[in-house]
Amino acid sequence: DLRSNASPADASNTQPNPNAATIQNIRQELEIYERQLQRLKKQIASAGGEISAPVGLLEQHDQIAAKIESLQAELRSLER
C-alpha cells in the first residue's frame with residue numbers, strides 16, 4: 001500500500017483558525033476603507049489641500065483614518 005501511514009489523528013493536528021472568517025471580513029473592510037481614504041485624499045488635494053478643503057471632507061478623512069487604525073489593531077490581535 002503506497003498511501004501515507006499517517007493516522008487520522010495526525011490529520012487533525014492542523015486546527016482551523018476559529019477567527020478565519022472574522023479576519024477575512026476585517027481585511028475586506030480594510031480594503032474598502034483604504035479605497036475611500038485614497039478618494040478623499042484626492043478630493044482634498046483637488047480642493048486646494050487641508051487649508052482650503054471643506055471641513056466635511058477633512059472630518060470624513062479623519063473618521064476613516066481612525067476606522068482603519070482600529071481595524072488594523074483588531075486584525076493584529078486576531079492574527080497572533
Side-chain angles (χ1 to χ4, degrees):
D1 188 57
L2 298 175
R3 284 179 272 166
S4 170
N5 290 331
S7 70
D10 292 336
S12 67
N13 286 343
T14 54
Q15 296 294 324
N17 184 346
N19 297 320
T22 302
I23 289 170
Q24 183 61 31
N25 288 338
I26 292 172
R27 286 182 179 153
Q28 289 173 346
E29 278 188 79
L30 276 169
E31 286 180 29
I32 292 167
Y33 282 118
E34 287 168 350
R35 281 195 303 267
Q36 288 177 335
L37 189 63
Q38 291 307 312
R39 286 188 202 117
L40 280 171
K41 286 181 179 182
K42 288 178 183 177
Q43 289 177 342
I44 290 168
S46 295
E50 290 184 20
I51 294 173
S52 304
V55 172
L57 280 180
L58 298 174
E59 288 175 351
Q60 278 184 308
H61 176 279
D62 292 346
Q63 289 170 353
I64 290 175
K67 182 66 176 175
I68 289 171
E69 283 183 37
S70 172
L71 287 170
Q72 287 172 336
E74 186 177 354
L75 186 60
R76 281 191 301 273
S77 72
L78 290 171
E79 291 181 327
R80 288 184 182 164

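Scope of the values below: all heavy atoms of this structure, side chains included, with no hydrogens, waters or symmetry mates.
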J.: To the nearest 0.5 Å, tell me how far L40 CG sits from Q63 CD.
T.: 10.0 Å
J.: Would a 4.5 Å heavy-atom cut-off, applied to side chains only, mark E34 and Q38 as touching?
T.: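 E34 vs Q38: side chains apart.
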J.: Quick check: closest heavy atoms across A47 and P54, and the distance to 0.1 Å?
T.: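 That would be CB-CD, 4.0 Å.
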J.: For the atom pair CG (L75) and CZ (R80), what is the distance rounded to the nearest 0.5 Å?
T.: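 The CG atom of L75 sits 11.0 Å away from the CZ atom of R80.
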J.: For residues 65-76, which residue pairs qualify under side chain to side chain donor-acceptor pair (under 3.5 Å), counting only residues two or more places apart or in two chains?
T.: none
J.: What's the separation between atom CG in L57 and atom CD in E50, rounded to the nearest 0.5 Å?
T.: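 These two atoms lie 11.0 Å from each other.
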J.: What distance separates N19 CG from L78 CG, expressed to the nearest 0.5 Å?
T.: 4.5 Å
J.: Minimum heavy-atom separation for A53 to I44, with atom names?
T.: CB-CG2, 4.0 Å
J.: Treat each ILVMFWY residue as a node, draw an edge where side-chain heavy atoms are under 4.5 Å apart, and state whether L71 and I32 are in one component.
T.: no
